[in-house]
Participant: 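Mind looking over this structure? Questions follow.
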Amino acid sequence: MSIIRLDKYLADAGAGTRSQVKSLVKAGRINVNGVQAKDYGMKIDAETAKVLFDGKPISRQGFIYIMMNKPAGVISSTEERNDQTVVDLLPEEIRRGLFPVGRLDRDTEGLLLISNDGKLAHRLLSPKKHVPKRYYAVVDGMLDEDSVEAFASGLDIGDDKPAKPAILCIMDRGGSRSSAMVTLTEGRYHEVKRLFNAIGRNVIYLKRVSMGSLELPDDLMPGQWRALNMEELDMLKEIPQYL
Ligand code: URA
């Protein structure tokens, strides 16, 4: 057992300073073991208590794991003088120390993990782990079996080395526009756009739908976010060695 005060638990978990977390409790935003907390000095068992902040689990280990459906027009960084960042879309009380795990272009939507767990971020982004990332893309023009083979062969996208083989799964091969799922195991700058450019196509719309075991839920709309649930977090932490 590890009995501590609720306000200490919340501050350790990165929910805010000691005085900020007191306000959170007073505002009724904290729930402990299924009951809305009324007293920020209440004692809880830090090992077993289920603490929710605005209905989302928060852990005293100090780590926060958020999935966001990044909207277009927002930058994947922590600070930007003139532009809105993904971290700006989160409540101020939990922003401290959070950063996006990897980047999506300003005009790309979709799954973005935001955390303060540098170790996990490093493992997820390590080129050695080859964690697959899947994107839904709409492009101009036709896609066909040659496009699939070109992606699988490892295209020259203008870097020193060709891109790693990528899986192109055509969904709609219409005349003026086509759509497809693309799975990459590396994360070079503008990689999906450059792969399509290498076969003479331009990306019109791009959305990331998964990263390793983590899938973007259908009901998470652009701009919305939620904490990972325990199952998602456990699966994400067990990063296998992908091929
Ligand atoms: N590839 C791109 O071209 N853009 C992204 O945002 C992500 C992958």
Side-chain angles (χ1 to χ4, degrees), residues 66-80 82-90 98-115 120-141 143 147-148 150-172 177-217 220-225 236 239 242:
I66 285 168
M67 67 153 88
M68 178 182 283
N69 185 347
K70 176 194 166 299
V74 175
I75 311 279
S76 302
S77 66
T78 43
E79 253 177 65
E80 188 74 36
N82 301 315
D83 291 291
Q84 195 178 35
T85 73
V86 289
V87 175
D88 293 334
L89 299 180
L90 300 172
L98 292 183
F99 55 85
V101 178
R103 283 173 181 248
L104 292 176
D105 297 337
R106 183 205 279 262
D107 57 353
T108 302
E109 289 183 1
L111 180 65
L112 190 65
L113 178 66
I114 300 176
S115 180
L120 180 71
H122 182 74
R123 290 172 59 221
L124 279 170
L125 300 175
S126 160
K128 288 189 195 133
K129 295 279 180 192
H130 308 291
V131 174
K133 291 154 201 107
R134 201 151 48 94
Y135 297 85
Y136 169 74
V138 178
V139 300
D140 61 0
L143 293 173
S147 326
V148 175
F151 271 57
S153 68
L155 282 162
D156 178 356
I157 56 172
D159 293 341
D160 293 345
K161 284 187 187 166
K164 289 239 156 60
I167 301 170
L168 178 68
C169 182
I170 302 170
M171 298 174 71
D172 178 2
R177 274 189 182 194
S178 305
S179 61
M181 286 286 182
V182 182
T183 307
L184 304 182
T185 54
E186 55 180 356
R188 296 192 204 175
Y189 182 64
H190 290 336
E191 185 159 355
V192 174
K193 291 175 185 162
R194 290 197 289 151
L195 285 168
F196 279 110
N197 289 161
I199 61 161
R201 301 285 171 267
N202 284 310
V203 171
I204 297 164
Y205 173 78
L206 189 61
K207 170 176 161 181
R208 182 154 67 193
V209 294
S210 72
M211 181 171 177
S213 58
L214 202 59
E215 304 249 348
L216 182 70
L220 199 67
M221 295 297 129
Q224 290 185 334
W225 58 275
L236 196 66
I239 300 169
Y242 293 98

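Residue numbers count from 1 along this sequence. The figures here come from the full heavy-atom set of this structure, side chains too, leaving out hydrogens, waters and symmetry mates. Both counts, for ligands and for their atoms, begin at 1 and track the order of listing.
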Participant: With heavy atoms of Lys193 as the reference, note each atom of ligand 1 found under 4.0 Å away.
Facilitator: 3 (O)

Participant: Between Leu184 and ligand 1, which part of the residue brings a heavy atom under 4.0 Å of the ligand: side chain, backbone, both or neither?
Facilitator: neither

Participant: Closest non-hydrogen protein atom to atom 1 (N) of ligand 1, residue and atom name please, with distance?
Facilitator: Val192 N, 3.1 Å

Participant: Evaluate the side-chain proximity of Leu216 to Arg208: yes if any heavy-atom separation is below 4.5 Å, no if none is.
Facilitator: no

Participant: Holding to salt bridge (Lys or Arg N to Asp or Glu O under 4.0 Å), I want the full list of residues that pass it with Asp156, two or more places apart in sequence or in another chain.
Facilitator: none

Participant: Thr108 heavy atoms, cut-off 4.0 Å: which ligand 1 atoms fall inside?
Facilitator: 4 (N), 5 (C), 6 (O)

Participant: Are the aromatic rings of Tyr135 and Tyr205 close, with centres under 6.0 Å apart?
Facilitator: no

Participant: For ligand 1, which atoms sit closer than 4.0 Å to a heavy atom of Asp105?
Facilitator: 2 (C), 3 (O), 4 (N), 5 (C), 6 (O)

Participant: For a side chain to side chain contact (heavy atoms under 4.5 Å, CB included) check, start with the C-alpha distance between Met67 and Met211, then their side-chain angles and the critical distance, and finish with the verdict.
Facilitator: CA-CA 11 Å; Met67 67 153 88; Met211 181 171 177; over 6 Å; no

Participant: Can you confirm whether Arg177 is buried at CZ, in the sense that more than 12 heavy atoms of other residues, nucleotides or ligands lie under 6.0 Å from that atom?
Facilitator: no

Participant: Give the atom numbers and elements of ligand 1 that come within less than 4.0 Å of a heavy atom of Glu191.
Facilitator: 1 (N), 2 (C), 3 (O)

Participant: Check ligand 1 against Tyr135 and write out every atom of the ligand that is under 4.0 Å from a heavy-atom position of the residue.
Facilitator: 7 (C), 8 (C)

Participant: Heavy atoms, side chains only, cut-off 4.5 Å: are Phe196 and Leu168 in contact?
Facilitator: yes

